[in-house]
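Since the structure is predicted, the reported quantities are computational estimates derived from the model, not experimental observations. All chains are named by letter (A, B, ...) in the order of the sequence lines, taking the proteins before the strands, and each is independently numbered beginning at 1.
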Protein chains: 2
Amino acid sequence: MKPGDLTEAVTAVLAAVEAAEGRLAPKKRAVIEAALLCFAESGYAATSTKAISQRAGVAEATIFRHFGTKADLLLRLVRPVAARLIQPGLVEAQEIFAETEGNLEAKIARMMTARLAFADRYAPLVRILLQELPVNPELHGLLQDSVIGGLIRFLDIALGEEIAQGRLRPIPAPRFLRILASMLIGYWIARSMVAPGEWDDEAEIALMAGLLARGLKP
Amino acid sequence: MKPGDLTEAVTAVLAAVEAAEGRLAPKKRAVIEAALLCFAESGYAATSTKAISQRAGVAEATIFRHFGTKADLLLRLVRPVAARLIQPGLVEAQEIFAETEGNLEAKIARMMTARLAFADRYAPLVRILLQELPVNPELHGLLQDSVIGGLIRFLDIALGEEIAQGRLRPIPAPRFLRILASMLIGYWIARSMVAPGEWDDEAEIALMAGLLARGLKP
DNA sequence: CCGAATTGTGAGTAAGCACTCACTATCATG
DNA sequence: CATGATAGTGAGTGCTTACTCACAATTCGG
């Protein structure tokens with residue numbers, strides 16, 4: 001999955017929504033696709049239901065038949081992907097920490113690569129999340145509780161082991177997660193929103209992971 | 001200036017706008033104040049001119065007398081502060097690099113402290129920028145050209161010296177700036193939007209600066 | 001203290017908004 | 001092929017939106 005590949009990203013979101021809603025009627029599918037792109041491009045508030053219906057080639061009423069309200073449409077796009085962000089993401093992180101050979105830097109790099117791939121796979125939705133999170137408390141709660149809470153609980157244990165074995169200076173899991181996430185999101189924004197073009201993911205991740213690992217050596 | 005202090009932040013923005021527009025009529029001042037807070041809380045698109053006028057205690061027509069359109073109102077809030085972000089910010093960075101004793105970590109920490117103070121001083125406006133940047137190409141250009149361009153040109157020279165003297169492994173200025181900015185913005189968001197409360201700025205900045213400096217030692 | 005500029009407003013207006021409803025088309029199943 | 005359910009829609013609904021305008025109040029240099 002390349003960073004700029006919207007088609008596959010839309011397909012991935014559609015699959016996630018379908019898993020949550022059951023088989024999708026064709027026009028319902030079209031609405032989801034159109035809404036996803038409109039919201040990502042212009043933001044939720046600046047997108048009208050008329051604009052979505054036109055882009056989907058559907059009557060405006062069809063949106064409300066399937067989703068009731070505009071706010072519900074947003075939530076039913078975001079929730080299934082958020083759900084996929086939690087469970088499999090956590091399992092993946094745990095596997096990486098268990099499998100990868102002792103080297104902390106390699107573990108961090110593999111986690112970053114995996115999360116970057118996730119962000120690419122659901123690119124338009126990540127864009128929507130970044131835009132709406134500061135003003136939509138409902139989304140705020142959705143992520144805070146499940147995603148971040150779960151990750152921190154896991155990291156607390158994983159980092160604790162590293163610290164106990166003297167491979168890492170003592171650092172609270174939330175702080176570690178915040179710095180790792182900041183760098184990764186900052187990179188994702190730079191690569192896919194600010195200056196799309198030639199980026200060497202492997203080199204950039206190596207730099208960031210190296211920075212973290214070397215900077216946190218005891 | 002404490003992180004949560006809105007009153008002083010509003011005053012600072014008002015001063016910046018006044019410097020650009022000349023002496024402000026009292027109701028014009030009230031509109032700026034109200035718009036600033038409304039945009040920061042709910043986003044530009046979700047804020048109606050009626051809501052602004054009510055918060056300002058002003059007739060809706062007064063907004064259009066002074067600012068013409070809603071879009072212009074936003075730009076005339078953002079531009080003066082963006083202007084203050086460029087010139088003085090650059091001079092400040094140069095001074096810090098020139099004054100502070102050889103230690104790269106201390107230089108980075110001082111730069112971070114200064115930029116954090118700036119973000120606090122103009123907190124509501126920073127919030128608006130973070131929300132609107134992805135969907136407003138006009139703001140995008142405003143920052144990209146002047147702020148980032150200028151900073152990178154300066155950093156290129158400053159880092160070049162460090163590298164030449166063997167105190168820093170070779171790293172392109174944009175990459176350095178991106179990582180530094182990501183961590184700092186990530187911290188600012190965590191501290192003033194996600195989980196406001198007790199934060200030890202000095203310790204957090206020391207951690208981030210140490211990470212960068214140690215991670216980038218040759 | 002006068003006249004002109006500036007500041008401020010109540011009462012609009014047309015277009016756009018999210019959303020409803022009565023109705024038709026499609027389709028799986030007994 | 002009849003029937004009930006699901007999918008889809010054109011034509012609205014009332015309300016909100018950004019914005020206008022004629023006119024009133026205030027300010028201020030000459």
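- Here the side chain of K70(B) is nearest to one of dT9(C), dC19(D), dT20(C), namely dC19(D).
- Geometrically, R115(B) engages F118(B) in a cation-pi contact defined by less than 6.0 Å to the ring centre and at most 45° from the axis.
- Remark: R191(A) does not engage E204(A) in a salt bridge, criterion side-chain N to carboxylate O under 4.0 Å.
- Rounded to a whole Å, the CZ atom of R29(B) is 12 Å from the P atom of dG8(C).
- Applying the 6.0 Å contact sphere to CD of Q94(B) captures more than 12 heavy atoms from other residues, nucleotides or ligands.
- Going from atom NZ of K50(B) over to atom C1' of dT9(C) covers 15 Å, rounded to whole Å.
- Of all nucleotides listed (dA7(D), dA18(C), dG8(C)), dG8(C) comes nearest to the side chain of H66(B).
- Per the geometry, CG belonging to L74(A) stands 17 Å off C1' belonging to dC19(C), to the nearest Å.
- Put simply, CD on Q54(A) is 12 Å from P on dG10(D), counting in whole angstrom units.
- Listed candidates were dA22(D), dT9(D), dC19(C). Nearest to the side chain of E60(A) is dC19(C).
- Nearest heavy atoms, A82(B) versus L142(B): CB-CD2, 4.0 Å.
- Side chain of T69(B), nearest nucleotide from dA18(C), dC21(C), dC19(D): dC19(D).
- Note: CZ (R65(B)) to C1' (dC23(D)) measures 11 Å, nearest angstrom.
- Between K27(B) and dT7(C), a side-chain N or O to OP1/OP2 separation shorter than 4.0 Å is absent.
- As judged by a 4.0 angstrom heavy-atom cut-off over every strand, S53(A) is placed among residues making no nucleic acid contact.
- Rounding to whole angstrom units, CZ of residue R23(B) and P of dT6(C) are separated by 16 Å.
- Across the protein-nucleic acid pair, I63(A) atom CD1 and dG8(D) atom P stand 12 Å apart, rounded to whole Å.
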Residue pair R127(B), E41(B): steps toward the salt bridge (charged side-chain N to carboxylate O under 4.0 Å, His left out) verdict: CA-CA 8 Å; R127(B) 226 175 262 237; E41(B) 281 166 20; over 6 Å; no
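- Residue contacts for S48(B): at a heavy-atom cut-off of 4.0 Å it reaches the sugar-phosphate backbone alone, with no base atom in range.
- Heavy atoms of A25(B) sit under 4.0 angstrom from primed sugar atoms or phosphate atoms, though from no base atom.
- For the pair A61(A) and A59(B), nearest-nucleotide mapping onto DNA chain C gives the more 5' position to A59(B).
- In this structure, the CZ atom of F64(A) is 8 Å from the P atom of dT20(C), given to the nearest Å.
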